**Q** 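Pasting a structure here, questions to come.
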Amino acid sequence: RVVDTDYGDWVDESGAERLWREDRIAALLDEQAGDTLFVAGCVANQGRFYPRFDAIVLLSAPVEVILERVASRESNPFGASAEERERIVSDLEEFEPALRAGATAELDARAPLGEVADQLERIAATA
């Protein structure tokens, strides 16, 4: 099962920072215990759940690649404006080092999608 917490009712955006709704995430992890579950998303309180994850994987790419992908996507309007692209660059500079430090693995997201998926499956199988 894959849950992208950017969609659905997983995130509380009522405060200054986006936060996982801890009751919802805890219930998700409880109900999936023992099963393979991939959780995607990046929020300020995600580290609270790290002890419950078998692996924490950072999917990374150079900023130029990220900006190119954001500019060409049709599924999400975020990043269309210059201000939003500046925020992406700023957030990468500010938060990626902490994300990298908390990760148990880092995958180069420039690789073909199938290769990235295969690497994630291998990590899940050995975790």
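Computed from a prediction, not measured in an experiment: that's the story for all the values here.
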**Q** Find out whether R1 and L28 are in side-chain contact, i.e. whether some heavy atom of one side chain is under 4.5 Å from a heavy atom of the other.
**A**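 Yes, at least one pair of side-chain atoms sits under 4.5 Å.
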**Q** Measure across G79 and V70 and return the closest heavy-atom pair with its distance rounded to 0.1 Å.
**A**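 Heavy atoms of G79 and V70 come nearest at CA-CG1, 3.4 Å.
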**Q** How close do I66 and A61 get, counting heavy atoms only, and between which atoms?
**A**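 Between these two residues, the closest heavy atoms are CD1-O, 3.4 Å.
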**Q** Are any side-chain N or O atoms of T104 and backbone N or O atoms of I56, one a donor and one an acceptor, separated by less than 3.5 Å?
**A**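 Indeed, once roles are kept as given, a pair shorter than 3.5 Å links the two residues.
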**Q** Are V65 and L59 connected in a single hydrophobic cluster, I mean Ile/Leu/Val/Met/Phe/Trp/Tyr linked by side-chain heavy atoms less than 4.5 Å apart?
**A**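 No.
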**Q** Counting only heavy atoms from other residues, nucleotides and ligands, does the tally under 6.0 Å from CD of E96 exceed 12?
**A**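 Enclosed: over 12 neighbouring heavy atoms sit under 6.0 Å from CD of E96.
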**Q** Any side-chain to backbone donor/acceptor pair from R24 onto D9? Under 3.5 Å, distance only.
**A**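 Here the side-chain-to-backbone pair exists.
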**Q** Check step by step if salt bridge (charged side-chain N to carboxylate O under 4.0 Å, His left out) holds for R87 and E83.
**A** CA-CA 6 Å; R87 179 175 170 201; E83 293 81 18; over 6 Å; no
**Q** Using the rule that Ile, Leu, Val, Met, Phe, Trp and Tyr join whenever any side-chain heavy atoms are under 4.5 Å apart, tell me whether L99 and F49 fall into a single cluster.
**A**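 As far as the 4.5 Å side-chain criterion goes, F49 and L99 are connected within one cluster.
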**Q** Strictly distance-based, threshold 3.5 Å: is any side-chain N or O of N45 a donor or acceptor partner for the main-chain N or O of L19?
**A**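 Between the backbone of L19 and the side chain of N45 there is no qualifying donor-acceptor contact (under 3.5 Å).
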**Q** Is there side-chain contact between N76 and Y7, with heavy atoms separated by less than 4.5 Å?
**A**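 Sidechains of Y7 and N76: in contact.
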**Q** Would you check if I88 and E93 make a side-chain contact, meaning some heavy-atom pair closer than 4.5 Å?
**A**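 No; the side chains remain at least 4.5 Å from each other.
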**Q** Would you call E64-R69 a salt bridge at under 4.0 Å N-O?
**A**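 The answer is no: the pair does not qualify as a salt bridge.
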**Q** Compare every heavy atom of P77 with every heavy atom of E84, then report the nearest pair and how far apart it is.
**A**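 Of all heavy-atom pairs spanning E84 and P77, the closest is OE1-O, 3.8 Å.
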**Q** If we only count heavy atoms from C-beta on, is the P62 to R110 side-chain gap below 4.5 Å?
**A**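 When only atoms from C-beta onward are counted, R110 and P62 do touch, with a gap below 4.5 Å.
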**Q** Is there side-chain contact between L29 and F53, with heavy atoms separated by less than 4.5 Å?
**A**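 Yes, close enough: below the 4.5 Å cut-off.
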**Q** So, taking the atom named CG in D30 and the one named CD1 in I25, what distance separates them when rounded to the nearest 0.5 Å?
**A**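 Rounded to the nearest 0.5 Å, the CG-CD1 separation comes out at 11.5 Å.
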**Q** Looking at side-chain heavy atoms only, is the closest gap between L107 and L58 below 4.5 Å?
**A**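 L107 vs L58: side chains apart.
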**Q** Keeping R21 on the side-chain end and W10 on the backbone end, is there a donor-acceptor pair under 3.5 Å?
**A**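 No.
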**Q** Ignoring hydrogens, what is the shortest heavy-atom contact between T5 and G41? Give both atom names and the distance.
**A**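 Taking T5 first and G41 second, the nearest heavy atoms are OG1-CA, 3.4 Å.
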**Q** side-chain contact (heavy atoms from CB on, under 4.5 Å) between S60 and D108: does it pass, once the steps are laid out?
**A** CA-CA 5 Å; S60 65; D108 186 340; 5.5 Å; no
**Q** Are the side chains of V3 and F38 in contact, using a 4.5 Å heavy-atom criterion?
**A**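 No - every pair of side-chain heavy atoms lies 4.5 Å or more apart.
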**Q** Under the 3.5 angstrom rule, does the side chain of R85 hit a backbone N or O of A80 as a donor-acceptor pair?
**A**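 At least one qualifying donor-acceptor pair exists.
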**Q** Can you get from V89 to F95 by hopping between Ile, Leu, Val, Met, Phe, Trp and Tyr side chains that sit under 4.5 Å apart?
**A**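 Different clusters: V89 never reaches F95 through Ile, Leu, Val, Met, Phe, Trp or Tyr contacts under 4.5 Å.
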**Q** Kindly check if the number of other-residue, nucleotide or ligand heavy atoms within 6.0 Å of CZ (R48) is above 12?
**A**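 Atom CZ in R48 is not packed in, count stays at 12 or less.
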**Q** Show me, pair by pair, the donor-acceptor contacts under 3.5 angstrom made by side chains of residues 115-127, not counting sequence neighbours?
**A**
residue : atom : partner : partner atom : Å
T126    : OG1  : R122    : O            : 3.2
T126    : OG1  : I123    : O            : 3.2

**Q** Is any side-chain N of the basic residue among R18 and D6 closer than 4.0 Å to the acidic one's carboxylate O?
**A**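 Here R18 pairs with D6 in a salt bridge, since their nearest N and O are under 4.0 Å apart.
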**Q** Nearest 0.5 Å please: distance from the CG atom of D91 over to the CD atom of E86.
**A**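 Interatomic distance, D91 CG to E86 CD, rounded to 0.5 Å: 12.0 Å.
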**Q** Is a side-chain donor or acceptor of Q46 paired with a backbone partner of V43 at a separation under 3.5 angstrom?
**A**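 It does hold such a pair.
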